[in-house]
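Chain letters run A, B, ... following the sequence lines, proteins first and then strands; every chain starts at 1. Values reported hereafter were calculated over all heavy atoms of this structure, with side chains retained and with hydrogens, waters and symmetry mates removed.
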Amino acid sequence: MITFNGVTKRYADGTVAVDNLSLEVPTGEITVFVGPSGCGKTTSLRMINRMIDATGGQILLDGVDVKTIDPPTLRRGIGYVIQQAGLFPHRKIVDNVATVPYLLGWDKKKARARAMELLERVGLDLKMADRYPFQLSGGQQQRVGVARALAADPPVLLMDEPFSAVDPIVRASLQEELLRLQSELNKTIVFVTHDIDEAVKLGDRVAVLRVGGKLAQLADPATLLTRPADDFVREFLGRDRGIRRLSFVSGDGLRLRTDLTVPASAEVSSLRGTTEPWLVVVDEDNCPLGWIASKDLPESGTPADVELAPYGTFVKGRDSLRAALDATLLSPSGSAIAVDESGRVVGVAVREALDEELALVAGGVGGVDG
Amino acid sequence: MAEEPLVRWDWIGRNWPNIQGLLVDHVVMALVPVVIGLLIALPLGLAGARWRWLYQPTVGVMNVIYSLPSLAVFIVLIPITGLATRETVMVPLTFYAMAVLIPAVVDGLTSVPDHVRQSAVAMGFTPLRRLLRVELPIAVPVVLAGLRVAAVSSISLVSVGALVGRGGLGYLFIDGWQRQFYTPIVVGIVLTVALAAAADLLLVLAQRLLTPWSRARRTA
């Protein structure tokens, strides 16, 4: 656990970068510091590993004041990922990753073996190991940066806007990767970003800082979206808070109907007389092919003979209510198809099921747990 | 009388031991100052990169020195270092080398991207180790580029020393001029250019070997 106890950073010219910051970063969780530029988020991060020394208050690392630890020793025990990766251009990828093990005096063979293991872990081709950083794309460099930070298996990871210099698609995949890694590693992570969407996506808890280095709100993302502490936080969160909050609600609560699927090979004559306006057509593996409107059924043949309407799916057990809602908007049927991990239909959430669930969520906003 | 040929090969053959001696003398007088200049430029460059206020005055002084005509400096030095001695030539050349190399070292160190330096700090490098293992290695391509300029200009400047009695291959120019006999002049020019080219090539090779990572390096 990292504890900020009334931490202040005042520069010689009188500027206050961080003002009396008190918060706790729980072990094994991702805590995101987010805020506009000048809010002291990076300064706060760098005071943890003493790249910047606080002028007031205390930062405790598992109860030990960081000021009592010699900075290089402290830093070797804390992983650090910087914007633009900060790889050493003159060292091969494998040696970049092995930087901290080398500093800790591991023998070269062991350090390199560990580096190779980590390259694999962050999803890099091992052929990259003997290349130099300039030969890698920005996204690959950032993966190397993460591998390097993890090399000596530090319990704490500091990430300073690590994904802000890569394009949005790469950023999204790096974010997914980080969440996957974290589910395996359970590090105590402090993540700095100016991007509230990134904060809400990655953080177990999000600390919103305002200019002048004051803590505006510290909460889990769903609470933050539902109950912003003040106008500043509300404005910083931006539009669509309600919809975005659905990302944190599981789609598993949706009532599913299992009587709405028809095989593509079924004779349409057998479907006459159905009272359902829409049916999901599935292939022999039970994977969805599209929607068919019962009023458009042909005289004879199978549903495969007709042009099917587009559909949207969400993965039961994994996707959020937001994904389910999104899926309903992708089809003229107004219903979302629930599939399992391998894409087979497990049921259909019709409009009424969504309405019920959304009403529950909206009701929860007023609850005492908010 | 038959037209005198531009190059009398028989003269070269007869005087080859002598020419070799001049060549060796030339190499020593040209390159020792570059090496010493580099050794002095490294700490001064480090200081200049670290304390930026030092840098401009240092470069100013170096530029003034660089602008002094070499011949004048050689003559001024004669009473101190002696007529026709290597030192008379090498001392000024050392300063010329420094004038090129100090900015090269400073530029090299400032070429280290900020995020690289910061990540070195964050990984737990001590300041000395960071300098030796991260900053200086990254400065090498820029320093080597400066070294190429310093080496070539030093090789060409040694010849001027012939006017104060010690100019390596430059002696051949004076000799040929005084006797209106072109062969030594041609030999002197060819060898000087060859020497400069060889030194440059060696440094390029050194750069390839030392910094494989800087080839086709992106400027990003």
Side-chain angles (χ1 to χ4, degrees), chain A residues 42 45-46 48-52 69-93 95-105 130-138 141-142 144-145 148-149 151-152 154 157-162 164-165, chain B residues 42 45-46 49-53 104-147 203-220:
Chain A
T42 295
L45 182 85
R46 291 185 171 188
I48 298 171
N49 72 351
R50 295 190 61 191
M51 287 172 78
I52 297 173
I69 310 171
D70 161 60
T73 312
L74 173 73
R75 291 169 194 154
R76 286 170 201 177
I78 298 177
Y80 196 93
V81 186
I82 195 169
Q83 191 179 359
Q84 296 173 293
L87 300 184
F88 301 146
H90 61 302
R91 291 200 181 171
K92 291 181 175 170
I93 296 304
D95 293 319
N96 261 289
V97 175
T99 300
V100 177
Y102 289 155
L103 286 172
L104 291 171
D130 281 327
R131 300 202 184 145
Y132 287 100
F134 80 87
Q135 294 166 302
L136 272 59
S137 71
Q141 291 193 24
Q142 204 49 264
V144 176
R148 179 172 67 172
L157 213 54
L158 307 180
M159 308 186 79
D160 185 6
E161 305 217 23
S164 56
Chain B
L42 275 173
L46 284 173
R50 171 136 196 185
W51 297 291
R52 296 299 299 197
W53 54 269
V105 172
V106 174
D107 290 348
L109 289 170
T110 44
S111 79
V112 179
D114 205 37
H115 59 106
V116 171
R117 188 177 287 114
Q118 284 179 2
S119 78
V121 172
M123 295 294 124
F125 278 82
T126 57
L128 180 66
R129 198 154 171 179
R130 188 176 87 224
L131 178 68
L132 297 177
R133 307 296 288 277
V134 179
E135 296 180 8
L136 281 177
I138 294 174
V140 164
V142 180
V143 175
L144 277 178
L147 214 50
L203 286 169
V204 171
L205 283 177
Q207 167 152 15
R208 292 235 156 172
L209 281 173
L210 287 174
T211 64
W213 51 272
S214 74
R215 245 178 291 167
R217 184 180 167 192
R218 291 176 194 169
T219 44

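- Here the closest non-hydrogen pair linking L87(A) and V116(B) is O-CG2, 3.3 Å.
- Taking non-hydrogen atoms and a 4.5 Å limit, the residue list of residues 97-104 of chain A in contact with chain B, ordered by number, reads T99(A), V100(A), Y102(A), L103(A).
- Contacts between R50(A) and chain B at a heavy-atom distance below 4.5 Å are absent for every atom of the residue.
- Pairs of residues two or more places apart, or lying in two chains, never qualify as salt bridge (charged side-chain N to carboxylate O under 4.0 Å, His left out) while including a residue from residues 69-86 of chain A.
- Between chain B and the residues R148(A), R131(A), K92(A), the largest count of heavy-atom pairs under 4.5 Å involves R148(A).
- Shortest non-hydrogen contact noted between P137(B) and H90(A) is CB-CD2, 3.4 Å.
- Chain A is approached within less than 4.5 Å, heavy atom to heavy atom, by T126(B), R129(B), R133(B), V134(B) from residues 126-136 of chain B, ordered by number.
- Annotation for G124(B) and P72(A): closest pair O-CB, 3.6 Å, computed over non-hydrogen atoms.
- Scanning both residues, S119(B) and G86(A), for their nearest heavy atoms gives OG-O, 2.6 Å.
- To the nearest 0.5 Å, atom CD1 of residue I82(A) and atom CZ of residue R117(B) are 11.5 Å apart.
- Taking Y80(A) as the reference, nothing meets the ring-ring contact (aromatic ring centres under 6.0 Å, His included) condition, with sequence neighbours excluded.
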Exercise for the section: May I have the step-by-step check of side-chain contact (heavy atoms from CB on, under 4.5 Å) for F134(A) and S214(B), ending in yes or no? Expected result: CA-CA 9 Å; F134(A) 80 87; S214(B) 74; over 6 Å; no
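- With a 4.5 angstrom heavy-atom cutoff, R46(A) touches chain B only via side-chain atoms.
- Nearest heavy-atom pair across M51(A) and A122(B) is SD-CB, 3.6 Å.
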